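Single-structure report; data block below.
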Amino acid sequence: MRIGQGWDNHRIKAGRPLILGGVAIPCDFGLDGHSDADILLHAITDALLGSVALGDIGMHFPDTDPQWRGAASTQFVQHAQSLVEQRGYTIVNVDCTVVLERPKLKDYRTAIRENVARILGLPAVDVNVKFKTSERVGPVGEGLSAEAQAVVLVQLRQG
Ligand code: C5P
Ligand code: MG
């Protein structure tokens with residue numbers, strides 16, 4: 001077995017979409033960025049790359065490359081998963097945390113969890129999504145940014 005960890009943060013910007021785990025959250029602001037700024041899928045992408053020691057998201061998807069402008073982060077995470085599988089590993093489970101002061105995300109927990117599981121081709125029981133505020137402290141707490149963290153366990157495919 002191997003383990004990978006990922007972290008991402010993006011600046012909050014009015015009028016941008018707020019997309020977490022591929023799910024559009026109704027909100028008057030979103031996250032700024034070159035792609036769709038889906039911090040949750042970016043953190044999971046980095047965790048997947050980390051699990052097989054393949055560097056980070058910027059190495060594989062440079063934000064200077066017009067090919068990835070406005071890209072759905074689903075493509076990033078699925079490409080990272082294919083690299084994990086090429087090395088003979090499969091995902092055991094994914095656990096992640098989104099840190100965002102508002103809006104409340106718990107009403108979207110099932111949608112986000114099931115969508116992340118669908119993207120990775122996993123049963124929902126192998127994916128967990130947690131939400132935290134930053135208790136009004138720091139850039140996240142002041143509503144300037146949002147963060148996501150992810151941990152992924154992979155194991156050598158049997159047979
Ligand atoms: O950050 P805090 O400990 O106050 O979060 C309490 C709970 O509120 C979390 O466990 C989570 O279920 C929920 N929450 C949420 N949306 C957020 C932040 C927290 O639904 N943006
Ligand atoms: Mg990002």
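If you read the sequence from its start, that first residue is 1, and numbering goes on from there. If you're wondering where the values come from, they're calculated on a predicted model, not measured in any experiment. We count ligands from 1, going down the list as the structure has it; atoms in each ligand are counted the same way.
- Remark: Glu135 pairs with Thr133 by the side-chain contact (heavy atoms from CB on, under 4.5 Å) rule, at least two apart or across chains.
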Can you list, pair by pair, the side-chain donor-acceptor contacts under 3.5 Å of residues 146-159, counting residues two or more places apart and other chains?
from   : atom 1 : to     : atom 2 : distance (Å)
Glu147 : OE1    : Trp7   : NE1    : 3.3
Arg157 : NH2    : Glu85  : O      : 3.2
Gln158 : NE2    : Leu156 : O      : 3.3

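- Other residues, nucleotides and ligands contribute over 12 non-hydrogen atoms within 6.0 Å of the CZ atom of Arg109.
- The contact shell of ligand 1, taken as protein residues with any non-hydrogen atom closer than 4.0 angstrom, comprises Leu100, Pro103, Lys104, Leu105, Lys106, Arg109, Phe131, Lys132, Thr133, Glu135.
- For Asp95, the side chain to side chain donor-acceptor pair (under 3.5 Å) partners two or more places apart in sequence, or in a different chain, are Asn128, Lys130.
- A salt bridge links Asp28 to Arg102: one of the charged nitrogens lies within less than 4.0 Å of a carboxylate oxygen.
- With no hydrogens or angles considered, a side-chain donor-acceptor pair links His42 and Ser73 at under 3.5 Å.
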